[in-house]
Every structure is written in structure tokens, then in C-alpha cells.
Amino acid sequence: MNFSFLDLVYVKEDKTVQDAFDELKATAKKAEELNFSRYWLAEHHNMEGVASNATSVLIGYVAANTSTLRVGSGGIMLPNHSPLAITEQFGTLAQLYPNRIDLGLGRAPGTDGLTAQHMNENFFKNVQEFPKNVSMIQQFLSNENESSKVRACVAEGTAVPLYILGSSTESAVLSAAYGLPYAFASHFAPQQLAAAFKFYTDEFNPSEALEKPYKIACVNVIIGETIEEARFLASTFYRMFLGIIRNQRAKMKQPNMDFYNDWTVNEEALIRQMTACTFIGDKESVAQNLNQFAERYQVDEIMMSCPIYSQEKRLFTMEQFASIFI
């Protein structure tokens with residue numbers, strides 16, 4: 001079982017953005033030390049508690065501070081960008097860090113509708129043209145594009161692997177048709193996980209990029225030395241989702257058990273639904289549940305999101321998570 005890491009570069013309530021970047025570097029170094037398969041950064045905007053806005057810049061930062069770890073996007077929200085610009089950015093990264101760069105592509109905005117319009121005034125048109133724009137990136141990356149009038153010269157022949165990200169069966173259709181690996185965002189939208197993976201597996205069309213289906217499931221993982229400690233650490237994570245529901249987004253809060261008395265019954269039910277693919281507990285309980293999850297959905301790789309306030313406890317969770325699969 002391959003295992004990997006997704007980072008949103010959380011900004012904490014008593015720390016700065018620079019502190020978040022320092023922790024990003026330390027976390028990536030730890031991931032490399034623990035033999036994680038890859039380290040991805042998610043594109044988000046207009047969120048005080050998330051600093052992974054300039055995703056391709058941070059990919060370069062992580063790659064420069066590691067030596068063997070694969071680094072990529074989980075993902076680039078393509079409707080926000082020009083396919084040519086993204087190809088040039090990732091082609092440049094691939095030239096600087098050969099055979100280490102992944103390009104994960106999604107069609108969501110990674111933000112609210114108003115901010116999406118500021119990112120790209122053609123955002124909604126680009127959502128509809130997502131399949132065409134993925135094909136355009138494939139063309140720009142290929143050596144066959146040398147004779148084209150429009151070229152991403154720095155990217156041609158770099159063989160940057162593409163991944164399709166999604167949280168619905170719609171993304172599974174595209175991944176299967178294009179014969180690309182598929183990463184599902186079950187860490188915040190697990191409802192269509194089973195249906196999407198089944199369709200992708202059943203309808204997969206082998207391609208030059210991939211002979212057989214490759215499924216990545218992203219999940220939340222919080223491991224404490226005891227189940228009680230894990231639940232304490234998880235209060236930060238649940239508070240983040242409560243902030244989304246209440247439209248009170250803020251920097252990452254310190255854990256506090258009093259939180260569990262703050263949400264309403266309806267809010268708790270909704271958050272539990274959104275975070276159904278979350279594994280909280282000591283190592284033994286998390287390992288058992290993760291293995292059952294992997295077997296049930298026949299995943300090829302589990303990618304962990306680790307929304308823990310304490311950097312020390314976050315690194316501890318990474319160590320325990322890695323030891324489950326080694």
C-alpha cells in the first residue's frame with residue numbers, strides 16, 4: 001500500500017504565515033524521512049487559515065528542501081488558470097526537479113464564487129471546458145507539440161504525470177475516459193466515494209500514461225498516544241468544519257474539549273457526514289479501520305490529511321501512520 005500526504009499549510013491562531021511555511025518545510029522533510037510516496041499541496045483562496053494559495057510556488061519550495069520526495073498539486077484548480085500557464089509552471093518545476101513533480105488537476109474553485117470570479121472572470125466557462133483544457137495540457141507537455149504555433153517549450157517532453165481529482169462520479173468519468181490516475185477527496189466529501197471508484201474501475205480506458213486503474217483516497221488521520229488524546233486533538237479539526245458551516249472561517253484553533261459542547265445536534269450530524277472518512281484514535285484502532293477501508297474500496301494509495309494544531313503531535317501522527325503500511 002502506497003501512502004502519501006496532503007497539506008493545506010494551515011495558519012494557526014497565534015502564529016504567522018511565515019511560521020506556516022516553516023512548518024511546511026519541516027513536515028515535508030519528515031514525510032521524506034518516513035518514505036511517503038508523495039507530498040501534495042492543495043490550492044485554496046480567501047481563507048485566513050490556509051496558506052497554500054500559490055500552489056506551484058510552494059511545490060518548488062518543498063522540492064528545494066527535499067531530495068527524493070515526489071511533490072505535486074492536490075490539486076491545481078484548473079478553471080482558475082490558463083492551461084498554458086500551468087503547463088509552463090509545472091514544466092519549469094520538472095526541469096528543476098526531474099522525475100519528482102506531479103500535476104493533480106481539479107475543476108472546483110477552491111474558494112467561494114466571488115473569489116473565483118476574481119481568480120478568472122471566465123471561471124464558469126472554464127469549468128465546462130475542463131476536459132478540453134486537460135487535453136490541452138497533455139498536448140503542451142508532449143514532444144509532438146514542437147510543431148505547434150503555441151508551445152510550452154520548457155515543458156515539452158518532461159513527462160509530468162497528470163492526476164484527476166474529484167469528489168463526484170463526474171470526475172470519475174473523465175479519469176476513466178482519459179486513462180489517468182484518480183484521486184478522490186473523501187477527506188471532506190465522501191458521499192460518492194463508492195460509486196465514483198466503481199465507475200472508474202469498471203470503465204477505465206488504458207492509456208499511454210496508465211495501463212490499469214490507480215485509485216488514491218484522501219482521508220483525515222489523527223493519531224494520539226491514547227484514544228482520549230486523539231479526540232482532544234481532533235477538536236481543532238471539527239472546529240474547522242463548524243467554521244465552514246457557520247461561515248466563520250478563521251485561523252486554526254488550539255484544541256479544546258469544550259468544543260464538543262458547542263455544536264448543535266444538526267451541526268454535528270452534518271459534520272459527521274462530511275468527515276465520514278476520518279480516522280481518529282490510537283495507532284491500533286486507526287490501523288484496523290484504515291486497513292478495512294483500503295480493502296473495502298480497493299485503493300492503491302491512501303493520502304492523509306493531518307489537521308492537527310501541534311506540530312509535534314502532527315509529526316507523531318505521521319510516524320504512526322507510516323508504520324501501519326511499512
Side-chain angles (χ1 to χ4, degrees), residues 6-15 20 42-53 74 77 106 108-116 165-171 184-196 217-224 226-282 285-286 289-290 292-293 296-297 302-310 313-314 317:
L6 177 70
D7 203 339
L8 277 68
V9 193
Y10 294 111
V11 184
K12 300 172 182 177
E13 63 179 340
D14 58 349
K15 296 188 178 182
E43 178 186 347
H44 288 283
H45 304 282
N46 197 29
M47 297 177 68
E48 186 180 9
V50 173
S52 56
N53 320 131
M77 299 296 101
T111 186
D112 59 273
L114 178 61
T115 305
L165 279 62
S167 57
S168 70
T169 53
E170 188 173 1
S171 54
F184 195 89
S186 39
H187 61 303
F188 72 86
Q191 291 83 356
Q192 296 187 42
L193 173 64
C218 187
V219 300
N220 303 296
V221 181
I222 297 174
I223 301 176
T226 64
I227 293 175
E228 291 75 18
E229 182 188 55
R231 188 166 183 265
F232 169 71
L233 297 174
S235 62
T236 292
F237 163 68
Y238 287 127
R239 186 186 294 269
M240 288 167 49
F241 275 85
L242 185 61
I244 293 172
I245 290 173
R246 293 179 177 177
N247 196 27
Q248 297 173 346
R249 307 187 187 199
K251 292 183 177 181
M252 177 181 267
K253 304 293 185 184
Q254 295 191 43
N256 188 331
M257 289 299 289
D258 291 341
F259 160 80
Y260 291 104
N261 298 318
D262 188 31
W263 54 12
T264 68
V265 172
N266 289 339
E267 286 172 336
E268 180 180 1
L270 180 56
I271 290 172
R272 297 289 187 191
Q273 182 184 51
M274 294 169 68
T275 61
C277 293
T278 295
F279 301 87
I280 299 169
D282 57 11
S285 62
V286 168
N289 292 329
L290 270 176
Q292 290 174 350
F293 173 86
R296 176 182 179 185
Y297 295 106
I302 292 183
M303 179 172 286
M304 74 176 301
S305 172
C306 192
I308 296 176
Y309 184 90
S310 164
K313 296 298 182 180
R314 192 184 199 198
T317 288

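In what follows, residues are counted from 1 in the order of the sequence shown. Computed over heavy atoms, backbone and side chain alike; hydrogens, waters and symmetry mates excluded.
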Taking T169's backbone N and O only, do any of them form a donor-acceptor pair with Q192's side chain (distance below 3.5 Å, no angle check)? yes
Does the S52 side chain pair with the main chain of A42, one donor and one acceptor, at a distance under 3.5 Å? yes
Which of these, R249, K251, M252, sits in a side-chain contact (heavy atoms from CB on, under 4.5 Å) with M240? M252
Taking Q254's backbone N and O only, do any of them form a donor-acceptor pair with E13's side chain (distance below 3.5 Å, no angle check)? yes
Distance-only side-chain donor-acceptor flag, Y238 / R272, under 3.5 Å: yes
Heavy-atom side-chain proximity of M257 to R231 below 4.5 angstrom: yes
Using the side-chain contact (heavy atoms from CB on, under 4.5 Å) criterion, which residues pair with Y297? Sequence neighbours excluded. L193, A194, F197, F293, V299
Do the side chains of F241 and T275 get nearer than 4.5 Å, heavy atoms only? yes
Under-4.0 Å salt bridge between D262 and R246: yes
Are any side-chain N or O atoms of Q292 and backbone N or O atoms of N289, one a donor and one an acceptor, separated by less than 3.5 Å? no
Do M304 and T317 have side chains that get closer than 4.5 Å, going by heavy atoms? yes
With the threshold set at 4.0 Å, does a side-chain nitrogen-carboxylate oxygen contact exist between D7 and R314? yes
With a cut-off of under 6.0 Å to the ring centre and 45° to the axis, is K253 in cation-pi contact with Y309? no
Do you know the tightest heavy-atom contact between L6 and C218? CD2-SG, 3.6 Å
